Number of protein chains: 2
Amino acid sequence: MKETKEIQTEPYMHQYELNRLFPGEFKNQMKAYHFSKGDDLFTTGEELEELYFLVEGKIKIYTLTPEGKSLINRFKRPLGVIGDVEYVKGSPVINSVEAVTDGVMLAIPFADLKELEAMHPQVIRFLLETVAHKFYSESQATSMHMLYPVEVRLASYLLSISSDGEGTLFHQEMRTANLTELAEWIGTSYRHLNRVLKKMASEGTIERSNGIIQIKNLESLRTLANGNIYE
Amino acid sequence: MKETKEIQTEPYMHQYELNRLFPGEFKNQMKAYHFSKGDDLFTTGEELEELYFLVEGKIKIYTLTPEGKSLINRFKRPLGVIGDVEYVKGSPVINSVEAVTDGVMLAIPFADLKELEAMHPQVIRFLLETVAHKFYSESQATSMHMLYPVEVRLASYLLSISSDGEGTLFHQEMRTANLTELAEWIGTSYRHLNRVLKKMASEGTIERSNGIIQIKNLESLRTLANGNIYE
DNA sequence: GGAACGTTAGGACATATGTCCTTTCTCAAA
DNA sequence: TTTGAGAAAGGACATATGTCCTAACGTTCC
């Protein structure tokens, strides 16, 4: 991820209403970074020194298993905040972050943020809200993973991206590019995802060809999802 | 959980330094509640109206599986904060809470807290720290569950409660009363926990009798724990 | 001392899932 | 048009884990 002077931070700060959080000379402390698809942005264990705002593009937060397999915790689109927990706790990065598309981040040094807290408590409230929301989202996702088998999770995913679930940014965020990435998102092996897809196809719930999945029986899918939907 | 006038809030507020967060007349808004072992304190989906501070006793936060089985997310001892995420997000309770021992909670209404935020931003910072810490702890626990089989998780648990890991409050917090509770904490069935314990006993790593586990080979346990320790 | 209940321990059967690998297909580039 | 790479699809084998159930043991209460 490269810092760049070619990107104006002001349009993004305006677009995402960051000016009210970073008044006066603090907005001048904002840097802009550009990243490219596939870039490793942050690595587990790394120490951060800035708070980041994703203002363009899509990233994924993932965990590597001991076998080197990737499990996707979350996708993110603008406006996403990265480094808030690390800032508050002073601990290293928990999960790795990779660019799914090209994009832009704004960043402000932790030192400036520290100063700003004293002068402008609204920023503390903002951070509280982002961290609380993260906790909530992560809890939901964790419950899904811990409590339901792959079939239920897949049905929930398909419901989310069907026209039924579409409309929220989150659902756009979540759409995966191929079956390998879908397996990583749902938290299973590529092989097992195929078993479940095949089973759903044989039941007439979906129809698939060459990685393209078409929902044939929405009701059946709702039943399989067991009241859950990825959100 | 019953509100009680028989418990003085002031000694606890002093002991846990809550006076500096709740100055002046706000400390008078604090109520005290007593609870008994086995009480259901909060239920998933319930709407809260107060922020709670656990100042005496031990509780567990748990999730019920669709089959009605219980999975323990976390134990808590004083000073624990309950309801911070629900306060910030305005969402219902995420996980159920039950008393493991008798105990006491202090509580302040969300409405008073709202007022206090404007007058005393330190309380926002306090909440930010508690939520960030929760996020961090939950992430660690989730990783443990998602990435490692029961054998590694059990070894990590045993390492934590051995004299090696002992000393922190968290490890005391985590000690379970019987094998059923340990299975719920580690996130497996009672039957499977027994398989793994039996295997460890046959390897000479532990010795067990009547639910009592004695570590025989600390090195072997460290190897099995694969660098992990419950914390 | 005996009964009742909760806990410990494990057998038998089943399912979910992972790993490793091969074949086929599709798409893009030469 | 051909080639190569990546993705899709699935076979074979294995392990981890869950469910249901029974027997034995220990503790508490009558």
Side-chain angles (χ1 to χ4, degrees), chain A residues 37-38 63-72 100 144-158 175-203 205-214 224-226, chain B residues 37-38 63-72 100 144-158 175-203 205-214 224-226:
Chain A
K37 178 187 163 92
T63 304
L64 281 181
T65 72
E67 297 77 29
K69 209 174 75 177
S70 174
L71 289 181
I72 297 173
V100 176
M144 181 78 89
H145 275 86
M146 301 291 296
L147 301 179
Y148 297 104
V150 168
E151 188 177 42
V152 175
R153 306 208 300 264
L154 177 60
S156 302
Y157 169 81
L158 295 174
R175 191 181 284 274
T176 57
N178 61 29
L179 295 182
T180 300
E181 193 176 74
L182 177 54
E184 290 174 5
W185 168 235
I186 286 191
T188 188
S189 68
Y190 173 83
R191 183 68 190 91
H192 196 53
L193 177 64
N194 257 285
R195 280 192 196 104
V196 180
L197 284 169
K198 177 169 183 166
K199 182 170 180 269
M200 285 187 171
S202 75
E203 285 162 0
T205 305
I206 62 168
E207 198 172 82
R208 70 169 181 153
S209 61
N210 194 23
I212 292 169
I213 301 164
Q214 213 172 332
L224 284 173
N226 196 22
Chain B
K37 180 187 161 92
T63 304
L64 281 181
T65 70
E67 297 76 29
K69 211 174 72 176
S70 175
L71 290 180
I72 298 174
V100 176
M144 180 80 87
H145 275 87
M146 302 291 295
L147 300 180
Y148 297 103
V150 168
E151 188 177 39
V152 175
R153 304 205 305 261
L154 178 61
S156 302
Y157 168 80
L158 294 174
R175 191 182 283 274
T176 57
N178 60 32
L179 294 182
T180 301
E181 194 174 74
L182 176 54
E184 289 174 6
W185 168 236
I186 287 191
T188 188
S189 69
Y190 173 83
R191 182 65 190 93
H192 195 54
L193 176 64
N194 257 285
R195 279 192 198 107
V196 178
L197 282 170
K198 178 169 182 164
K199 181 171 180 270
M200 284 186 173
S202 75
E203 286 160 359
T205 304
I206 62 169
E207 197 172 83
R208 67 169 181 155
S209 60
N210 196 24
I212 292 169
I213 301 165
Q214 213 173 328
L224 284 174
N226 196 22

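If you're wondering where the values come from, they're calculated on a predicted model, not measured in any experiment.
- Taking atom NZ of residue B/Lys199 and atom P of nucleotide C/dA9, one finds them 18 Å apart after rounding to whole Å.
- Atom CG of A/Leu154 and atom P of C/dT17 are 11 Å apart (whole Å).
- In this structure a side-chain-to-backbone donor-acceptor pair under 3.5 Å is missing from A/His145 to B/Met146.
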Summarise how protein sits on nucleotides 7-16 of chain D as a single string, 5' to 3': B when a protein heavy atom is under 4.0 Å from the base, S for sugar-phosphate-only contact, - for no contact.
SBBBBB---S
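- Side chain of A/Thr188 to main chain of A/His192: no donor-acceptor pair is present (N/O by atom type, distance under 3.5 Å, no hydrogens or angles).
- What separates CG of A/Leu147 from P of D/dG18 is a distance of 12 Å, to the nearest Å.
- By the 6.0 Å contact criterion, NZ on A/Lys37 is open, its count of non-hydrogen atoms from other residues, nucleotides or ligands being 12 or less.
- Taking both residues in full, the closest heavy atoms of B/Lys199 and B/Ser202 are given as O-OG, 2.8 Å, listed atom of the first, atom of the second, then distance.
- Under the 3.5 Å distance criterion, with hydrogens and angles disregarded, no donor-acceptor pair is assigned to the side chains of A/Arg153 and A/Asn226.
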